[in-house]
Amino acid sequence: MLRMLPSRLSQARHSVRITTTRTIPAFQKRLFSNAEKYDALVLGAYTEGEEIALSAAQDISLATQKVLHEQLAASSFKKAGDVRTLYNVGGVKQVAVVSLGKKSDSLKGDVQRLESARMSSALGIQALRKQGVKNVGVDVSVSAHGAAEGAILAQFAFDKLKDEKSRAESIQVAPFSEPITKDANLDWESGQIYGTSQNLARMLMTTPSNLMTPKLFSEEVAYLLAGMDNIDIMVHDKEWAVKQKMNSFLAVAQGSEEPPRFLEIHYKGGKESDPVHGLVGKGVTFDSGGISLKPSNGMALMKGDMGGAATVAAALYGISKMKLPVNIVASIPLCENMPSGKATKPGDVVRAMNGKSIEVMDTDAEGRLILADALYYTSSKFKPASIIDLATLTGACMVALGEVYTGAFTNSDELWKRLNDAGNMTSDPFWRMPLDDGYLMEMKESDVADLNNLGKGRPGGAASAAAFLSQFVEGLDKEKLGELQHPAWAHLDIAGTMDAAATKGYHIKGMSGRPTRSLMEYYRSFTK
Ligand code: BES
Ligand code: ZN
Ligand code: ZN
């Protein structure tokens, strides 16, 4: 590998010293190999003190490296994330070089290496984006999978409702150079699928609620998934839910003029004899709070209250594209939570599909009501080996973990390990939270019903919501929540990770589409 480490002295003289372990033939005309295919390149470079080493040096001629180093050294290119765009270098119009920081940090392990590749390609693409480039070669030497994820995620923009002139042009990205370390079973194509899947979830979540009603969500997802390998999709209507006795779900839906839907999606990538995994996603396409109306400040964010539904649908899209050999059954209850003359009122009692009565103390705690029936339906009908639900469930989880970690409540150490590993690999991580009968008591306090949907409200609100949900997972011991039981169940509270406050590399301000990639990685882990 070629490296160039200019010393302080040589830098002062504006010259560079090149050390090489591979000689490039003098007759080699190309300054970047294959550069003619691109009108721009994104390159990664390790920086340590005054030293700069291009990661894809093997595919860059010495002459071009010399120019790059001179330019970079003159612009105080140092810390991880620094980006410099250089023009007309080595026959390429625009070259964005991104610092990967210290090589020893960037390559400390697979988690750091993947994240380095993601971040650097995203920052490079963003630097080039508004400068009229069409075909960009992206340095994949650190990780092809990560570089593709970053390049796709960085380009997300929800501008289809804007004036045509102000819409961002999408750019074609292709791999440049060769991975130095290969990721097992992951490559440029898998990275593109991971990135595209998360962007799909972002799109579903960002679309305003008048354009993403339960009906429109089902149509969009059915259109997207119909015809994909190993996928069967059923769109159930209100009458079906009535027949199933999903009164808890219907109690939320009844306040809205928009009819509810219940999506049932089967992915059969594994053998018939393989276990089936359950997935459930909260699909409240708008949460006004119902009669327990939310304050108007920030209410618009509640168009994203179908983040669980969006990430489940998007992960299934990606899982099918990846042809992962697993079996999954997914349930997505979809409705609006609105106040009206027909809406459920605080104090009303409903009987859920599993026969338990629930006193609805607060109509804004609607997520657990729709999940109750979806969890019971999925766990009782399909007897899955594991079941995971995702929901933008509680402000309490957002307060506890902010937007860094998704809260994970699970009765299974084995499931937790898999999930934790998957979340770390994608840098879309989980933090384990308590699933404990101690939080159940407050949910069982009701003068008139088996359960109430509010508990103590804010204090420990994420954990008491999880305890409430446990009462609807068929097969689970309803009293001893923390002990290993069947099925393995995880509740993921994504209220905090739903939305990104600011753009930073491949994190784009707005609805995040998280943790779509972690879900895909979780199911991929069964096939490794
Ligand atoms: N959809 C909200 C939770 C939420 C809050 C998601 C902020 C994303 C960002 C949920 O339906 C809700 O309103 N929960 C209540 C529950 C409470 C009444 C027990 C909450 O968290 O305040
Ligand atoms: Zn609510
Ligand atoms: Zn909600």
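In listed order, ligands and their atoms are each counted from 1. Remember, predicted model here, so these are calculated numbers, not experimental data. Sequence positions, counted from 1, serve as the residue numbers for this chain.
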Open item on the list: Just to confirm my output: which protein heavy-atom neighbour is closest to atom 2 (C) of ligand 1, and how far is it?
Closed with: Asp287 OD2, 3.6 Å

Task: Distance from atom 16 (C) of ligand 1 to nearest protein heavy atom, with residue and atom - done: Arg368 NH2, 3.9 Å

Task: Side-chain ion pair, Lys282 and Glu366, N-O less than 4.0 Å - done: yes

Open item on the list: Would Lys282 count as a contact residue for ligand 1, given that I'm defining contact as a non-hydrogen atom of the residue lying under 4.0 Å from a ligand atom?
Closed with: yes

TODO: Report the nearest protein non-hydrogen atom to atom 12 (C) of ligand 1: residue, atom name, distance rounded to 0.1 Å.
DONE: Asp364 O, 3.2 Å

TODO: Would you list the protein N, O or S atoms within less than 2.8 Å of the Zn ion (ligand 3), leaving out water?
DONE: Lys282 NZ, Asp287 OD2, Asp305 OD2, Glu366 OE2

Open item on the list: For ligand 1 and Asp305, I'd like to know whether there is a polar contact (N/O to N/O, distance under 3.5 Å).
Closed with: yes

Open item on the list: The criterion is side chain to side chain donor-acceptor pair (under 3.5 Å); which residues satisfy it with Asn199, sequence neighbours excluded?
Closed with: Arg202

Open item on the list: With respect to Thr394, determine whether any N or O atom, backbone or side chain, lies less than 3.5 Å from an N or O atom of ligand 1.
Closed with: no

TODO: Would you mind checking if Asp232 and Lys268 are paired as a salt bridge, meaning a charged N to carboxylate O distance below 4.0 Å?
DONE: yes

Open item on the list: I'd like to check whether Ala365 has a polar contact with ligand 1, where a contact means an N/O of the residue lying under 3.5 Å from an N/O of the ligand.
Closed with: no

Open item on the list: If you take the nearest heavy atom of each of Gly367, Gly307, Gly395, which one is closest to atom 20 (C) of ligand 1?
Closed with: Gly395

Task: Lys345/Asp348 salt bridge by N-O under 4.0 Å criterion - done: yes

- [ ] Assess whether atom CH2 of Trp431 is packed by more than 12 heavy atoms of other residues, nucleotides or ligands within 6.0 Å.
- [x] no

Open item on the list: Pairs of nitrogen or oxygen atoms closer than 3.5 Å, one from Glu366 and one from ligand 1: do any exist?
Closed with: yes

Task: Atoms of ligand 1 close to Ala495 [distance to a heavy atom under 4.0 angstrom, numbered from 1] - done: 6 (C), 8 (C)

Open item on the list: For Tyr377 and Phe262: C-alpha separation, side-chain torsions, deciding distance, then whether ring-ring contact (aromatic ring centres under 6.0 Å, His included) applies.
Closed with: CA-CA 11 Å; Tyr377 176 73; Phe262 191 104; 5.5 Å; yes

- [ ] Indicate yes or no: does Arg517 engage Glu521 in a salt bridge with an N to O separation below 4.0 Å.
- [x] no

Open item on the list: Salt bridge check, Asp110 against Arg113: does any charged N sit closer than 4.0 Å to a carboxylate O?
Closed with: yes

- [ ] Considering only non-hydrogen protein atoms, determine which one is nearest to atom 18 (C) of ligand 1 and report residue, atom name and distance to 0.1 Å.
- [x] Asp362 OD2, 3.5 Å

Task: Identity and distance of the protein heavy atom lying nearest atom 9 (C) of ligand 1 - done: Met302 CE, 3.5 Å

Open item on the list: So, taking the atom named OG1 in Thr285 and the one named CG in Leu204, what distance separates them when rounded to the nearest 0.5 Å?
Closed with: 12.0 Å

Open item on the list: Between ligand 1 and Lys294, can you find any atom pair, the residue atom being a heavy atom, that is separated by under 4.0 Å?
Closed with: yes

Task: Residues, nucleotides or ligands: over 12 heavy atoms within 6.0 Å of Lys356 NZ - done: yes

Task: Check ion pair Lys444-Asp450 (N to O, under 4.0 angstrom) - done: no

TODO: May I ask you to decide whether Lys323 forms a salt bridge with Asp229, counting only side-chain N to carboxylate O separations under 4.0 Å?
DONE: yes

Task: Lys417 with Asp421: basic N within carboxylate O range, under 4.0 Å - done: yes

Task: Region of Leu393 that comes within reach of ligand 1 [heavy atoms, distance under 4.0 Å] - done: backbone

- [ ] Return yes or no for this condition: an N or O of Thr392 is under 3.5 Å from an N or O of ligand 1.
- [x] yes

